[in-house]
Amino acid sequence: MSEMPAPVLDAGEFQRRLLDWFDRDGRHDLPWQRERTPYRVWVSEIMLQQTQVTTVIPYFERFMAHFPTLAELAAASQDEVLHLWTGLGYYARGRNLHKAARRVMEEHGGELPVNSLEALAGLPGIGRSTAGAIIAQSTGRRAVILDGNVKRSLSRLHAVEGWPGRPVVERRLWALAEHYTPEHRVADYTQAIMDLGATLCRRGTPECGRCPFADACVAHARGEQRRFPESKPRKALPTRTTLMLMLQDAGGRVLLEQRPASGLWGGLWSLPQFDDLAALRCWLDVHAPGALLHPAWPAFSHVFSHFRLDITPQPARIDGLDSVGEARCWYDPGSPGRIGLAAPVKALLASLAPFALTAPEPS
DNA sequence: AACTCGTGGCG
DNA sequence: TCGCCAAGAGT
(Lines give C-alpha, C1' and ligand atoms only; values in the text may rest on other atoms or scores of the structure.)
Protein backbone atom coordinates (compact mmCIF):
# COMPACT_ATOMS: atom_id res chain seq x y z
CA MET A 1 0.00 0.00 0.00
CA SER A 2 1.24 3.43 -0.85
CA GLU A 3 -1.02 4.61 1.97
CA MET A 4 1.15 2.93 4.55
CA PRO A 5 4.46 4.40 5.73
CA ALA A 6 7.35 1.93 5.48
CA PRO A 7 7.17 -0.21 8.63
CA VAL A 8 10.19 0.26 10.90
CA LEU A 9 9.95 -3.32 12.15
CA ASP A 10 9.09 -6.70 10.70
CA ALA A 11 5.60 -7.66 11.91
CA GLY A 12 6.82 -10.81 13.64
CA GLU A 13 9.56 -8.91 15.45
CA PHE A 14 7.10 -6.25 16.55
CA GLN A 15 4.72 -8.88 17.92
CA ARG A 16 7.45 -10.76 19.81
CA ARG A 17 8.77 -7.63 21.49
CA LEU A 18 5.30 -6.39 22.38
CA LEU A 19 4.05 -9.68 23.80
CA ASP A 20 7.25 -10.22 25.79
CA TRP A 21 6.80 -6.78 27.31
CA PHE A 22 3.08 -7.45 27.95
CA ASP A 23 3.78 -10.72 29.77
CA ARG A 24 6.04 -8.85 32.19
CA ASP A 25 4.55 -5.35 32.48
CA GLY A 26 1.08 -5.42 30.94
CA ARG A 27 -2.25 -5.22 32.77
CA HIS A 28 -3.78 -8.60 33.48
CA ASP A 29 -6.27 -7.91 36.28
CA LEU A 30 -8.83 -5.53 34.80
CA PRO A 31 -12.44 -6.46 35.71
CA TRP A 32 -13.46 -7.21 32.12
CA GLN A 33 -10.49 -9.54 31.70
CA ARG A 34 -11.93 -11.87 34.32
CA GLU A 35 -14.73 -13.54 32.34
CA ARG A 36 -14.13 -12.59 28.74
CA THR A 37 -17.66 -13.13 27.50
CA PRO A 38 -18.72 -11.12 24.47
CA TYR A 39 -21.29 -9.27 26.60
CA ARG A 40 -18.81 -8.20 29.28
CA VAL A 41 -16.19 -7.20 26.71
CA TRP A 42 -18.82 -5.27 24.78
CA VAL A 43 -20.01 -3.26 27.80
CA SER A 44 -16.43 -2.50 28.81
CA GLU A 45 -15.44 -1.36 25.32
CA ILE A 46 -18.41 1.01 25.11
CA MET A 47 -17.67 2.50 28.53
CA LEU A 48 -13.99 2.85 27.63
CA GLN A 49 -14.68 4.95 24.55
CA GLN A 50 -13.00 8.31 25.26
CA THR A 51 -12.94 7.41 28.95
CA GLN A 52 -10.03 6.31 31.11
CA VAL A 53 -9.78 2.92 32.81
CA THR A 54 -9.82 4.23 36.39
CA THR A 55 -13.02 6.15 35.67
CA VAL A 56 -14.74 3.19 34.07
CA ILE A 57 -14.03 0.46 36.65
CA PRO A 58 -16.66 1.39 39.29
CA TYR A 59 -19.28 2.05 36.59
CA PHE A 60 -18.54 -1.30 34.98
CA GLU A 61 -18.86 -3.18 38.27
CA ARG A 62 -22.17 -1.51 39.11
CA PHE A 63 -23.51 -2.07 35.60
CA MET A 64 -22.65 -5.76 35.53
CA ALA A 65 -24.13 -6.24 39.01
CA HIS A 66 -27.44 -4.81 37.78
CA PHE A 67 -27.40 -6.36 34.31
CA PRO A 68 -25.43 -9.64 34.48
CA THR A 69 -26.69 -10.71 31.07
CA LEU A 70 -27.53 -9.11 27.75
CA ALA A 71 -31.14 -10.28 28.12
CA GLU A 72 -31.53 -8.44 31.42
CA LEU A 73 -30.08 -5.27 29.89
CA ALA A 74 -32.53 -5.52 26.99
CA ALA A 75 -35.44 -6.00 29.40
CA ALA A 76 -34.56 -2.89 31.42
CA SER A 77 -35.91 0.60 30.79
CA GLN A 78 -33.75 3.31 29.27
CA ASP A 79 -34.15 5.34 32.46
CA GLU A 80 -32.61 2.49 34.44
CA VAL A 81 -29.68 2.28 32.03
CA LEU A 82 -29.08 6.04 32.07
CA HIS A 83 -29.29 6.03 35.86
CA LEU A 84 -26.31 3.67 35.95
CA TRP A 85 -24.59 5.87 33.35
CA THR A 86 -25.06 9.06 35.40
CA GLY A 87 -21.71 10.84 35.72
CA LEU A 88 -19.95 8.77 33.08
CA GLY A 89 -20.72 11.16 30.24
CA TYR A 90 -21.36 10.67 26.51
CA TYR A 91 -24.85 9.40 27.26
CA ALA A 92 -25.50 8.40 23.65
CA ARG A 93 -23.26 5.43 24.49
CA GLY A 94 -25.77 4.29 27.11
CA ARG A 95 -28.75 4.87 24.86
CA ASN A 96 -27.07 3.02 21.98
CA LEU A 97 -25.98 0.16 24.23
CA HIS A 98 -29.56 -0.32 25.36
CA LYS A 99 -30.90 -0.07 21.82
CA ALA A 100 -28.31 -2.53 20.54
CA ALA A 101 -29.15 -5.03 23.31
CA ARG A 102 -32.79 -5.02 22.24
CA ARG A 103 -31.79 -5.40 18.60
CA VAL A 104 -29.56 -8.37 19.45
CA MET A 105 -32.51 -10.02 21.22
CA GLU A 106 -34.73 -9.43 18.19
CA GLU A 107 -32.37 -10.10 15.31
CA HIS A 108 -29.52 -12.25 16.63
CA GLY A 109 -31.21 -14.65 19.01
CA GLY A 110 -29.81 -12.93 22.08
CA GLU A 111 -26.15 -13.51 21.17
CA LEU A 112 -23.75 -10.81 20.03
CA PRO A 113 -22.79 -11.55 16.39
CA VAL A 114 -19.08 -11.89 17.18
CA ASN A 115 -18.53 -14.02 14.07
CA SER A 116 -19.19 -11.10 11.77
CA LEU A 117 -17.31 -7.83 11.93
CA GLU A 118 -19.91 -6.26 9.67
CA ALA A 119 -22.89 -7.37 11.77
CA LEU A 120 -21.15 -6.21 14.94
CA ALA A 121 -20.23 -2.82 13.49
CA GLY A 122 -23.81 -2.48 12.28
CA LEU A 123 -25.08 -2.26 15.85
CA PRO A 124 -25.58 1.20 17.34
CA GLY A 125 -22.53 2.44 19.22
CA ILE A 126 -20.15 -0.13 17.73
CA GLY A 127 -17.77 1.25 15.13
CA ARG A 128 -14.85 -0.32 13.32
CA SER A 129 -12.38 -0.23 16.22
CA THR A 130 -14.81 -1.30 18.93
CA ALA A 131 -16.03 -4.18 16.76
CA GLY A 132 -12.42 -5.30 16.30
CA ALA A 133 -11.75 -5.07 20.02
CA ILE A 134 -14.82 -7.13 20.92
CA ILE A 135 -13.91 -9.86 18.45
CA ALA A 136 -10.24 -9.98 19.41
CA GLN A 137 -10.84 -9.94 23.15
CA SER A 138 -13.79 -12.31 23.36
CA THR A 139 -13.01 -14.82 20.59
CA GLY A 140 -9.26 -14.54 20.06
CA ARG A 141 -9.79 -14.39 16.32
CA ARG A 142 -7.74 -11.88 14.37
CA ALA A 143 -9.25 -8.41 14.38
CA VAL A 144 -7.63 -4.99 14.14
CA ILE A 145 -8.17 -2.10 16.53
CA LEU A 146 -7.19 1.54 16.28
CA ASP A 147 -7.91 3.53 19.41
CA GLY A 148 -6.19 6.57 20.85
CA ASN A 149 -3.42 4.50 22.42
CA VAL A 150 -2.61 2.68 19.19
CA LYS A 151 -2.75 5.92 17.22
CA ARG A 152 -0.31 7.58 19.59
CA SER A 153 2.12 4.65 19.70
CA LEU A 154 2.14 4.04 15.95
CA SER A 155 2.32 7.71 15.03
CA ARG A 156 5.42 8.06 17.22
CA LEU A 157 7.03 4.85 16.06
CA HIS A 158 6.73 6.00 12.44
CA ALA A 159 6.69 9.77 12.99
CA VAL A 160 3.38 10.02 11.14
CA GLU A 161 2.72 13.66 10.36
CA GLY A 162 -0.71 15.27 10.61
CA TRP A 163 -3.62 15.18 13.04
CA PRO A 164 -5.03 11.61 13.25
CA GLY A 165 -8.55 12.99 12.90
CA ARG A 166 -7.79 13.73 9.25
CA PRO A 167 -8.96 10.83 7.10
CA VAL A 168 -5.64 10.60 5.22
CA VAL A 169 -3.69 10.25 8.46
CA GLU A 170 -6.22 7.85 9.93
CA ARG A 171 -5.97 5.60 6.86
CA ARG A 172 -2.20 5.41 7.27
CA LEU A 173 -2.58 4.45 10.91
CA TRP A 174 -5.16 1.79 10.09
CA ALA A 175 -2.77 0.36 7.52
CA LEU A 176 0.03 0.19 10.10
CA ALA A 177 -2.29 -1.35 12.69
CA GLU A 178 -3.33 -3.93 10.10
CA HIS A 179 0.30 -4.66 9.28
CA TYR A 180 1.37 -5.37 12.84
CA THR A 181 -1.69 -7.32 14.06
CA PRO A 182 -0.83 -11.05 14.43
CA GLU A 183 -2.84 -14.18 13.72
CA HIS A 184 -2.19 -15.70 17.13
CA ARG A 185 -2.53 -14.39 20.69
CA VAL A 186 -4.71 -11.60 19.31
CA ALA A 187 -6.53 -10.98 22.59
CA ASP A 188 -3.22 -10.45 24.36
CA TYR A 189 -1.87 -8.43 21.46
CA THR A 190 -4.73 -5.93 21.43
CA GLN A 191 -4.53 -5.55 25.20
CA ALA A 192 -0.76 -5.18 24.94
CA ILE A 193 -0.77 -2.45 22.30
CA MET A 194 -3.30 -0.48 24.37
CA ASP A 195 -1.32 -1.03 27.58
CA LEU A 196 1.80 0.22 25.85
CA GLY A 197 0.07 3.48 24.96
CA ALA A 198 -1.64 3.83 28.34
CA THR A 199 1.31 3.07 30.62
CA LEU A 200 4.51 3.76 28.64
CA CYS A 201 3.85 5.69 25.45
CA ARG A 202 1.76 8.26 27.29
CA ARG A 203 0.78 11.64 25.86
CA GLY A 204 2.68 13.84 28.27
CA THR A 205 5.68 11.97 29.62
CA PRO A 206 6.48 8.79 27.68
CA GLU A 207 8.87 6.39 29.42
CA CYS A 208 11.02 5.62 26.42
CA GLY A 209 13.67 4.10 28.70
CA ARG A 210 11.39 1.14 29.35
CA CYS A 211 9.94 0.89 25.84
CA PRO A 212 10.74 -2.26 23.84
CA PHE A 213 10.65 -0.19 20.63
CA ALA A 214 12.85 2.72 21.68
CA ASP A 215 15.67 1.65 19.31
CA ALA A 216 13.30 1.55 16.34
CA CYS A 217 11.12 4.57 17.14
CA VAL A 218 11.58 7.40 14.63
CA ALA A 219 10.13 10.04 16.96
CA HIS A 220 12.47 8.91 19.74
CA ALA A 221 15.49 9.01 17.43
CA ARG A 222 14.62 12.61 16.61
CA GLY A 223 13.87 13.46 20.25
CA GLU A 224 10.41 14.52 19.13
CA GLN A 225 8.13 12.15 21.06
CA ARG A 226 6.01 15.03 22.29
CA ARG A 227 5.28 16.24 18.77
CA PHE A 228 3.36 13.08 17.85
CA PRO A 229 0.52 12.65 17.32
CA GLU A 230 -0.19 16.16 16.16
CA SER A 231 -2.93 17.85 18.16
CA LYS A 232 -6.28 18.86 16.84
CA PRO A 233 -6.58 22.45 15.58
CA ARG A 234 -8.83 24.04 18.16
CA LYS A 235 -11.23 26.95 18.00
CA ALA A 236 -12.16 29.18 20.91
CA LEU A 237 -14.88 27.72 23.08
CA PRO A 238 -18.27 29.35 22.50
CA THR A 239 -20.36 30.12 25.56
CA ARG A 240 -23.97 29.08 25.95
CA THR A 241 -26.14 30.44 28.71
CA THR A 242 -29.12 28.72 30.23
CA LEU A 243 -31.49 29.39 33.11
CA MET A 244 -32.39 26.42 35.25
CA LEU A 245 -35.62 26.67 37.20
CA MET A 246 -35.43 25.09 40.62
CA LEU A 247 -39.09 24.69 41.48
CA GLN A 248 -39.90 23.06 44.81
CA ASP A 249 -43.22 22.01 46.24
CA ALA A 250 -44.14 22.16 49.92
CA GLY A 251 -42.60 18.73 50.47
CA GLY A 252 -39.22 19.89 49.16
CA ARG A 253 -39.52 17.90 45.96
CA VAL A 254 -37.98 19.39 42.81
CA LEU A 255 -39.56 19.55 39.39
CA LEU A 256 -37.57 17.76 36.69
CA GLU A 257 -38.05 17.54 32.94
CA GLN A 258 -36.74 14.87 30.61
CA ARG A 259 -34.51 16.24 27.90
CA PRO A 260 -35.01 15.42 24.20
CA ALA A 261 -33.93 11.95 23.10
CA SER A 262 -30.82 13.25 21.33
CA GLY A 263 -28.35 16.06 21.82
CA LEU A 264 -26.75 17.28 25.03
CA TRP A 265 -27.76 15.13 28.00
CA GLY A 266 -30.23 13.35 25.68
CA GLY A 267 -32.79 11.29 27.59
CA LEU A 268 -31.54 12.52 30.95
CA TRP A 269 -33.65 14.37 33.49
CA SER A 270 -32.81 17.97 34.25
CA LEU A 271 -34.19 21.05 35.89
CA PRO A 272 -36.43 22.87 33.37
CA GLN A 273 -34.18 25.03 31.20
CA PHE A 274 -34.89 28.38 29.57
CA ASP A 275 -33.00 30.70 27.27
CA ASP A 276 -33.84 33.82 29.24
CA LEU A 277 -35.82 35.12 32.19
CA ALA A 278 -38.75 36.17 30.01
CA ALA A 279 -39.26 32.61 28.80
CA LEU A 280 -39.03 31.34 32.34
CA ARG A 281 -41.64 33.81 33.63
CA CYS A 282 -43.93 32.98 30.74
CA TRP A 283 -43.68 29.29 31.59
CA LEU A 284 -44.40 30.02 35.25
CA ASP A 285 -47.49 32.08 34.33
CA VAL A 286 -48.89 29.11 32.44
CA HIS A 287 -47.93 26.18 34.65
CA ALA A 288 -47.37 27.65 38.12
CA PRO A 289 -49.12 31.02 38.44
CA GLY A 290 -48.72 31.12 42.22
CA ALA A 291 -45.00 30.46 42.23
CA LEU A 292 -42.87 32.57 44.52
CA LEU A 293 -39.51 33.59 43.08
CA HIS A 294 -36.52 33.91 45.35
CA PRO A 295 -33.44 36.05 44.72
CA ALA A 296 -31.32 34.31 42.13
CA TRP A 297 -28.41 32.19 43.21
CA PRO A 298 -24.92 33.00 41.98
CA ALA A 299 -24.37 31.76 38.45
CA PHE A 300 -21.81 29.07 37.83
CA SER A 301 -20.04 27.69 34.77
CA HIS A 302 -19.63 24.20 33.49
CA VAL A 303 -16.97 23.59 30.86
CA PHE A 304 -17.58 20.95 28.19
CA SER A 305 -15.22 19.91 25.42
CA HIS A 306 -16.71 22.24 22.86
CA PHE A 307 -18.37 25.01 24.82
CA ARG A 308 -18.77 26.61 28.18
CA LEU A 309 -22.18 26.48 29.81
CA ASP A 310 -23.16 29.34 32.10
CA ILE A 311 -25.93 28.17 34.38
CA THR A 312 -28.04 30.56 36.38
CA PRO A 313 -30.28 28.76 38.83
CA GLN A 314 -33.63 30.48 39.39
CA PRO A 315 -35.13 29.09 42.59
CA ALA A 316 -38.87 29.19 43.13
CA ARG A 317 -41.38 27.56 45.42
CA ILE A 318 -44.95 26.44 44.86
CA ASP A 319 -47.52 24.31 46.60
CA GLY A 320 -48.77 22.46 43.55
CA LEU A 321 -48.42 22.16 39.81
CA ASP A 322 -51.31 21.57 37.47
CA SER A 323 -49.74 19.15 35.03
CA VAL A 324 -47.00 16.63 35.70
CA GLY A 325 -46.90 14.62 32.50
CA GLU A 326 -44.75 11.80 31.19
CA ALA A 327 -41.68 13.95 30.61
CA ARG A 328 -42.06 15.82 33.89
CA CYS A 329 -41.81 14.61 37.46
CA TRP A 330 -41.41 15.64 41.06
CA TYR A 331 -38.07 14.41 42.32
CA ASP A 332 -37.34 13.94 46.01
CA PRO A 333 -33.64 14.57 46.67
CA GLY A 334 -34.06 12.71 49.95
CA SER A 335 -35.09 9.49 48.23
CA PRO A 336 -33.84 9.81 44.66
CA GLY A 337 -35.44 7.75 41.92
CA ARG A 338 -33.58 5.60 39.46
CA ILE A 339 -33.32 8.02 36.56
CA GLY A 340 -30.44 9.54 34.62
CA LEU A 341 -29.09 12.87 35.83
CA ALA A 342 -26.32 14.95 34.27
CA ALA A 343 -23.44 15.58 36.63
CA PRO A 344 -24.03 19.32 37.11
CA VAL A 345 -27.74 18.71 37.76
CA LYS A 346 -26.95 15.98 40.25
CA ALA A 347 -24.52 18.30 42.02
CA LEU A 348 -27.12 21.05 42.07
CA LEU A 349 -29.69 18.73 43.65
CA ALA A 350 -27.17 17.52 46.19
CA SER A 351 -26.64 21.10 47.33
CA LEU A 352 -30.35 21.72 47.68
CA ALA A 353 -30.79 21.31 51.44
CA PRO A 354 -29.81 24.87 52.38
CA PHE A 355 -32.37 26.30 49.97
CA ALA A 356 -35.11 24.05 51.34
CA LEU A 357 -34.34 25.17 54.88
CA THR A 358 -34.11 28.87 54.21
CA ALA A 359 -36.94 29.15 51.73
CA PRO A 360 -39.43 31.74 53.02
CA GLU A 361 -43.02 30.57 53.27
CA PRO A 362 -45.62 32.15 50.98
CA SER A 363 -47.38 34.97 52.82
C1' DA B 1 -15.68 16.51 6.22
C1' DA B 2 -16.64 18.91 10.11
C1' DC B 3 -19.22 18.98 14.09
C1' DT B 4 -21.25 17.07 18.34
C1' DC B 5 -21.24 14.62 22.52
C1' DG B 6 -19.33 14.60 29.19
C1' DT B 7 -16.44 14.18 32.57
C1' DG B 8 -12.17 14.00 35.03
C1' DG B 9 -7.11 13.97 35.09
C1' DC B 10 -2.97 16.20 34.26
C1' DG B 11 1.09 19.30 33.37
C1' DT C 1 -5.85 28.22 36.98
C1' DC C 2 -6.47 26.61 32.35
C1' DG C 3 -6.12 24.31 28.01
C1' DC C 4 -5.63 19.81 26.27
C1' DC C 5 -7.46 15.38 25.67
C1' DA C 6 -8.61 10.34 26.77
C1' DA C 7 -10.06 2.38 25.11
C1' DG C 8 -14.78 6.76 19.18
C1' DA C 9 -19.13 6.89 17.04
C1' DG C 10 -23.14 9.27 15.05
C1' DT C 11 -24.81 12.76 12.14
Side-chain angles (χ1 to χ4, degrees), chain A residues 26-27 30-33 41-60 82 85-97 99-100 120-134 136-137 143-153 163-171 173-174 177 187 190-199 201-206 226 228-238 240 259-268 270 301-309 340-347:
Chain A
R27 294 176 292 189
L30 298 172
W32 41 90
Q33 294 177 311
V41 171
W42 173 36
V43 172
S44 75
E45 289 299 333
I46 299 301
M47 288 188 169
L48 286 161
Q49 286 168 2
Q50 299 286 284
T51 311
Q52 297 188 348
V53 167
T54 53
T55 302
V56 163
I57 287 176
Y59 285 88
F60 178 81
L82 290 182
W85 216 272
T86 290
L88 191 55
Y90 281 141
Y91 299 96
R93 296 182 298 172
R95 299 196 303 270
N96 285 332
L97 184 69
K99 190 186 305 179
L120 211 48
L123 290 168
I126 303 182
R128 181 176 174 184
S129 183
T130 298
I134 294 172
Q137 305 265 356
V144 184
I145 66 164
L146 185 65
D147 69 341
N149 289 310
V150 183
K151 285 178 179 173
R152 186 168 55 256
S153 303
W163 175 53
R166 286 172 49 196
V168 187
V169 181
E170 188 167 16
R171 276 198 299 275
L173 293 171
W174 268 112
T190 57
Q191 187 62 52
I193 189 75
M194 287 189 288
D195 284 1
L196 186 79
T199 67
C201 199
R202 296 189 300 265
R203 177 172 61 93
T205 55
R226 302 288 300 277
F228 299 95
E230 284 184 23
S231 56
K232 174 181 183 175
R234 293 233 177 231
K235 302 172 182 176
L237 289 183
R240 303 180 200 171
R259 294 185 53 80
S262 63
L264 184 71
W265 299 338
L268 298 184
S270 164
S301 281
H302 197 78
V303 180
F304 295 85
S305 301
H306 300 283
F307 64 95
R308 177 190 304 271
L309 187 63
L341 293 170
V345 175
K346 190 176 182 180

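Every chain is numbered from 1 and lettered A, B, ... according to where its sequence line falls, protein lines coming before strand lines.
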Looking for any heavy atom pair under 4.0 Å, which part of the strands does [X] touch: base, sugar-phosphate only, or nothing?
X       : answer
R27(A)  : base
I126(A) : sugar-phosphate
R240(A) : sugar-phosphate
S44(A)  : nothing
Q137(A) : nothing
L123(A) : sugar-phosphate
W32(A)  : base
G87(A)  : sugar-phosphate
R166(A) : nothing
G204(A) : nothing
A133(A) : nothing
P233(A) : nothing

In whole Å, what separates the P atom of dC3(B) from that of dC4(C)?
16 Å

For dA9(C) versus dG8(B), give the span between their P atoms, rounded off to a whole number of Å.
22 Å

Between [options], spot the one nearest the side chain of [X], thanks.
X       : options                 : result
W265(A) : dT7(B), dC4(C), dT4(B)  : dT7(B)
Y91(A)  : dA6(C), dA9(C), dG6(B)  : dG6(B)
N96(A)  : dG8(C), dG10(C), dT7(B) : dG10(C)
Y90(A)  : dT7(B), dG10(C), dC5(B) : dC5(B)
R203(A) : dA6(C), dC5(B), dT7(B)  : dA6(C)

More 5' along DNA chain C: P229(A) or A131(A), using each one's nearest nucleotide?
P229(A)

Which residue lies more 5' along DNA chain B, comparing R226(A) with A92(A) via nearest heavy atoms:
A92(A)

On DNA chain B, check which nucleotide each of T54(A) and G263(A) is closest to and give me the residue with the more 5' one.
G263(A)

Are any side-chain N or O atoms of Q33(A) and backbone N or O atoms of R27(A), one a donor and one an acceptor, separated by less than 3.5 Å?
yes

Side-chain donor/acceptor contact of T51(A) with base of dG6(B) under 3.5 Å
yes

